J.: 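My structure is below; once you've seen it, I'll send some questions.
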Amino acid sequence: MKILIKYYLIVLAVVFISCEPDLVDEPPLGPTEQTFFSNVIEFRQNLASTYAVLYDYYHYAAPSFNNNGWVTATWLLPGDDLTETNAARTSVELFDGSLNPTNTQIRFTFEASYKMIGRANVVIDKVRTVDFSNYEGASEIAQMEGEALFLRAYAYYKLFNIYGSVPIVTERIQDEANTNTPKSPAPEVLNQVIEDARMAIDILPESWDEIYAGRADKNSARGLLVKALVFRANNTGDNADYTEAISVFNSITAQLVPDFIDNFSSYTENNDESLFEVQATVPNSGNNNLVLHNDGAWRGVENMSVYRGYMMEPGDPGPFNASAVTRFLITDKLLNGFGNDPRILVFLDPEDGFDGKIFQKYNLPTGVNEITGFHGGSANNERVLRYADVKLAAAEAYLKTSNASAAIEQINDVRTRARVWGLGAGISDGTVPANYASGETDAATIMQWIMDERFVELAGEGHRYWDLKRWHIAGNINLTGWDGSDDNFSTALASPVQFDVDKHLVFPLPQEEIERNSEIVENNPGY
């Protein structure tokens, strides 16, 4: 009742003020854009809203109060490392007719990416146009441009991989005439990722104080740039990109951590291997926020947990987890080919109720994950970029520039960490995975080693389908005719995979965007 009275009084005040002509030239009651950016705190608030959009990529109820509307399935399920139990995501698991321009998850991901881009553009504009030279914290404000450039690059990296050709918007949209932007060819979208990441490296600090954990630094941008350069070289064959990728990789100051599990434990977040993470935690209110977007007019930006019910055993820890209509399983292809690798074994529980196949990468072994409240939200960070991923991308760059020994060295570093850790953790006998022969010179053999290593090391982390696509384009593999068999996508579902290599390498643009944006005259081919 008190809240209703408060709103009533506000409405009366607005009506009263709006009817008073003498107040027309009076200053506004609250801050405006012209007065807001007056100190470092206000700059931080604006930047925080850009970071906040990252949580939309892990939203449980996207687009809005749609339980089990996991956005993450968009990049977790299309590959051959994960499958599902209950045909709840057939659009991206089977590439069936539900993968279409009206698909809600496809639309939400698109909208979230451009929300991040729009907010990043505001940060960039304000850092470049506001005179903050006399502000306390002026050096921090200057570095915020680099953070915004990194986040914009990451959003375009997602857009490139999911949709291919999309509009590129690098300026604030402040009038209706600029709201319609044509699609740019996919290579230009990737060019934007690279350009933004390069600029971000020049601006960002090497590291932040511990109180700012989670903010992008030089290593974040370096890692993204290495991957983007390798992806572009896969598409163009330009060895200059591989050469630059190697140079950038060698400037990264991160390192592999000895314990593989530390990359997925809530107790070892933001470690020496981490290049960038989504900082998950419980809401300030302690309430369930799994069915909410990252922010909203009714409460502003607040802390968010990450829901991973798809990789948890049913019923534990609470009703939200139990309500998950499907679980994500390791594929038979990955299990049969590499199931004795400790990096696979450690995430499987024979008593999970699904023949020991729920791939619990952020949940096992017991005790490494922090579950909050009755709803199963996790305060464990989502690892977005880690050094092992970038190290294996660099291995490709070394191989493509005729440095086979350096490529094998990167692979063996990752395998050695896994082998030594597995022995110490009592998960393996210390023989698996064995190092590859350092004297191997056959490029096809070494490339297969790299592809297999990424398959195991990064399983269930959302990289696999994007890897398969770029390797197809580069001619390393051929996805033509791939079906649901264990040689291909290895689905556990009974319905057939309907993958069309001429169509499904990219997903459709949302129909709403095509109808809204008069400059987009056609969808991606086949949609």
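Predicted, not measured: the structure shown is a model, and the values here were computed from it. In what follows, every heavy atom counts, from backbone to side chain, and hydrogens, waters and symmetry copies are set aside.
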J.: Looking at CD of E277 and CG of N380, how far apart are the two atoms once the value is rounded to the nearest 0.5 Å?
T.: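 Separation between the atoms: 8.5 Å.
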
J.: Is the closest side-chain heavy-atom distance between F455 and F338 below 4.5 Å?
T.: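 Answer yes - side chains close enough.
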
J.: Is a donor on one side and an acceptor on the other found under 3.5 Å between the side chain of T74 and the backbone of V71?
T.: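 Flag set: sc T74 to bb V71 pair under 3.5 Å.
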
J.: Backbone N or O of A492 within a donor-acceptor pair of the T83 side chain at under 3.5 Å?
T.: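 Checking the backbone N and O of A492 against the side chain of T83, a donor-acceptor pair under 3.5 Å is found.
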
J.: Can you tell me how the ring of F108 sits relative to the ring of H59, calling it parallel under 30°, perpendicular over 60° and tilted otherwise?
T.: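 Rings of F108 and H59: tilted, 30 to 60°.
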
J.: Nearest 0.5 angstrom please: W75 CH2 to K158 NZ, how far?
T.: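 One gets 4.0 Å once the value is rounded to the nearest 0.5 Å.
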
J.: In plain terms, say whether E111 and R107 are close enough for a salt bridge, that is, a side-chain N and a carboxylate O under 4.0 Å apart.
T.: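 Yes, E111 and R107 are salt-bridged.
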
J.: Starting at OG of S265, measure out to OH of Y362 and round the result to the nearest 0.5 Å.
T.: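 It comes to 11.0 Å.
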
J.: Do the charged groups of R470 and E396 touch, with an N to O distance under 4.0 Å?
T.: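 Salt bridge between R470 and E396, a charged N being under 4.0 Å from a carboxylate O: yes.
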
J.: Measuring from L458:CG to L392:CG, what's the distance to the nearest 0.5 Å?
T.: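 The CG atom of L392 is 6.5 Å from CG of L458, to the nearest 0.5 Å.
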
J.: Heavy-atom distance under 4.5 Å between the side chains of L76 and Y310, does that happen here?
T.: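 SC-SC contact between L76 and Y310 confirmed.
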
J.: Under 3.5 Å, is there a donor-acceptor pair linking the side chains of D241 and T243?
T.: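 Per modelled atom types, D241 and T243 side chains form no pair under 3.5 Å.
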
J.: Which heavy atom of N219 sits nearest to which heavy atom of A254, and what is that distance?
T.: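 That closest heavy-atom pairing would be ND2-N, 3.7 Å.
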
J.: Quick check: does any side chain N or O of K469 sit under 3.5 Å from a backbone N or O of N161, one acting as donor and the other as acceptor?
T.: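 Judged by distance alone, yes, a pair lies under 3.5 Å.
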
J.: Would you find a donor on one side and an acceptor on the other, under 3.5 Å apart, between the side chain of T90 and the backbone of A87?
T.: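 Judged by distance alone, no pair lies under 3.5 Å.
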
J.: Under 4.5 Å between any side-chain heavy atoms of F359 and F328, yes or no?
T.: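 SC-SC contact between F359 and F328 ruled out.
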
J.: Does N412 use its side chain to pair, donor to acceptor, with the backbone of Y436 at less than 3.5 Å?
T.: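 Present.
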
J.: Between F489 and F95, how do the two ring planes meet: parallel, tilted or perpendicular, split at 30° and 60°?
T.: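 F489 and F95: tilted rings.
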
J.: So, are E273 and R417 salt-bridged, with charged N and O less than 4.0 Å apart?
T.: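 Yes, E273 and R417 are salt-bridged.
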
J.: Run the side-chain hydrogen bond (donor to acceptor under 3.5 Å, both in side chains) test on N178 and Q174 for me, step by step, so that the C-alpha distance in whole Å, both residues' side-chain angles and the decisive distance to 0.1 Å come before the verdict.
T.: CA-CA 7 Å; N178 294 325; Q174 301 187 72; over 6 Å; no

J.: Are any of the side-chain heavy atoms of D80 and T491 separated by less than 4.5 Å?
T.: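 D80 vs T491: side chains apart.
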
J.: Using side-chain heavy atoms (C-beta onward) and a distance below 4.5 Å, is L334 in contact with I344?
T.: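 Side chain of L334 against side chain of I344, heavy atoms only: contact under 4.5 Å found.
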
J.: Any salt bridge linking D238 with R232? Criterion: basic side-chain nitrogen under 4.0 Å from a carboxylate oxygen.
T.: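 Answer for the salt bridge query: no.
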
J.: Kindly give the heavy-atom pair with the smallest separation between S98 and N103, and that separation in Å.
T.: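 Nearest pair, atom of S98 first, then N103: O-ND2, 3.0 Å.
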
J.: Any luck finding a side-chain donor-acceptor pair between N435 and T416 under 3.5 Å?
T.: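 Yes.
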
J.: So Y398 and I408, do their side chains get closer than 4.5 Å, heavy atoms only?
T.: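 No, too far: nothing below the 4.5 Å cut-off.
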
J.: Inspect the contact between E453 and R343 and indicate whether a charged nitrogen and a carboxylate oxygen are less than 4.0 angstrom apart.
T.: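 Yes.
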
J.: May I ask you to decide whether K391 forms a salt bridge with D413, counting only side-chain N to carboxylate O separations under 4.0 Å?
T.: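 A salt bridge links K391 with D413.
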
J.: Please list every donor-acceptor pair under 3.5 Å in which a side-chain atom of residues 498-505 meets a protein atom from a residue at least two apart or in another chain.
T.:
residue: D500; atom: OD1; partner: D502; partner atom: N; Å: 3.0
residue: K503; atom: NZ; partner: G526; partner atom: O; Å: 3.3
residue: H504; atom: ND1; partner: D500; partner atom: N; Å: 2.9

J.: Taking R454 first and then D389, would you say they form a salt bridge - that is, a charged N and a carboxylate O separated by under 4.0 Å?
T.: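 A salt bridge is present here (some side-chain N lies under 4.0 Å from a carboxylate O).
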
J.: What verdict does the side-chain hydrogen bond (donor to acceptor under 3.5 Å, both in side chains) test give for T326 and T85, after you've listed the backbone C-alpha separation in whole Å, the side-chain angles of each residue and the deciding distance to 0.1 Å?
T.: CA-CA 5 Å; T326 193; T85 62; 3.1 Å; yes

J.: Is it true that K357 and D355 make a salt bridge, defined as a side-chain N closer than 4.0 Å to a carboxylate O?
T.: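 A salt bridge is absent here (no side-chain N lies under 4.0 Å from a carboxylate O).
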
J.: Looking at E195 and R198, is there a salt bridge between them, counting it only when a charged N and a carboxylate O are closer than 4.0 Å?
T.: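 Here R198 does not pair with E195 in a salt bridge, since their nearest N and O are not under 4.0 Å apart.
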
J.: Are the side chains of S378 and N369 in contact, using a 4.5 Å heavy-atom criterion?
T.: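 Yes, side chains in contact.
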
J.: Counting only heavy atoms not in E522 (residues, nucleotides, ligands), do more than 12 fall under 6.0 Å from its CD?
T.: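 12 or below, so no.
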
J.: Hey, could you give me the CD1/CG distance between I194 and L190, rounded to the nearest 0.5 Å?
T.: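 CG of L190 is found 4.5 Å from CD1 of I194.
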
J.: Please report the shortest heavy-atom distance between L275 and Y387, naming the atom on each side.
T.: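 The answer is CG-N, 4.0 Å.
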
J.: Nearest heavy-atom pair of Q360 and D352: which atoms, and what distance?
T.: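 Result for this residue pair: NE2-CB, 4.1 Å.
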
J.: Would R222 and F249 count as a cation-pi pair here, with the cationic atom under 6.0 angstrom from the ring centre and within 45° of the axis?
T.: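 Here R222 fails the 6.0 Å and 45° test against F249.
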
J.: For the residue pair E519 and P182, what are the closest heavy atoms and their distance?
T.: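 Between these two residues, the closest heavy atoms are CB-N, 3.4 Å.
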
J.: Is a side-chain N or O of N476 found less than 3.5 angstrom from the main chain of H472, in a donor-acceptor match?
T.: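 It does not hold such a pair.
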
J.: How many angstroms lie between CG in D217 and OG1 in T253, if you round to the nearest 0.5 Å?
T.: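 So the CG of D217 and the OG1 of T253 are separated by 7.5 Å.
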
J.: Is a salt bridge present between E461 and R383, judged by a nitrogen-to-oxygen distance below 4.0 Å?
T.: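 No.
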
J.: Taking S113 for its side chain and L159 for its backbone only, find out whether a donor-acceptor pair lies under 3.5 Å.
T.: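 Here the side-chain-to-backbone pair does not exist.
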
J.: Between K333 and D486, is there a side-chain N and carboxylate O pair less than 4.0 Å apart?
T.: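 No.
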
J.: Please determine whether a side-chain nitrogen of the Lys or Arg among R464 and D81 lies less than 4.0 Å from a carboxylate oxygen of the Asp or Glu.
T.: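 Result for this pair is no, no salt bridge flagged.
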
J.: I'd like to know whether N270 forms a side-chain hydrogen bond (donor to acceptor under 3.5 Å, both in side chains) with Q279, so could you lay out the CA-CA distance, the side-chain angles of the two residues, the decisive distance to 0.1 Å, and finally the verdict.
T.: CA-CA 9 Å; N270 305 303; Q279 306 296 303; 3.0 Å; yes

J.: Tell me whether the count of non-hydrogen atoms from other residues, nucleotides or ligands lying under 6.0 Å of CD in E176 goes above 12.
T.: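 Atom CD in E176 is not packed in, count stays at 12 or less.
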
J.: So do T401 and I246 actually touch side chain to side chain, heavy atoms under 4.5 Å?
T.: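 Heavy-atom side-chain distance check passes, below 4.5 Å.
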
J.: What closest approach, in Å, do N381 and R308 show between heavy atoms, and which atom pair accounts for it?
T.: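 Result for this residue pair: O-NH2, 3.4 Å.
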
J.: Are Y51 and Y55 close enough that their ring centers fall under 6.0 Å?
T.: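 Judged by ring-centre distance (under 6.0 Å), Y51 and Y55 do not meet the cut-off.
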
J.: Name the residue from Y157, Y156, Y527, F110 that meets the ring pair (Phe, Tyr, Trp, His ring centres under 6.0 Å) definition with Y163.
T.: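 It is F110, the one option of Y157, Y156, Y527, F110 that forms the ring pair (Phe, Tyr, Trp, His ring centres under 6.0 Å) with Y163.
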
J.: Before giving the answer on side-chain hydrogen bond (donor to acceptor under 3.5 Å, both in side chains), spell out for Q192 and T170 the whole-Å C-alpha distance, their side-chain angles and the decisive distance to 0.1 Å.
T.: CA-CA 9 Å; Q192 187 64 49; T170 58; 5.4 Å; no

J.: Report yes or no: does N523 contribute a side-chain atom to a donor-acceptor pair with the main-chain N or O of L509 at less than 3.5 Å?
T.: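 Pair found, side chain donor or acceptor close to backbone of L509.
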
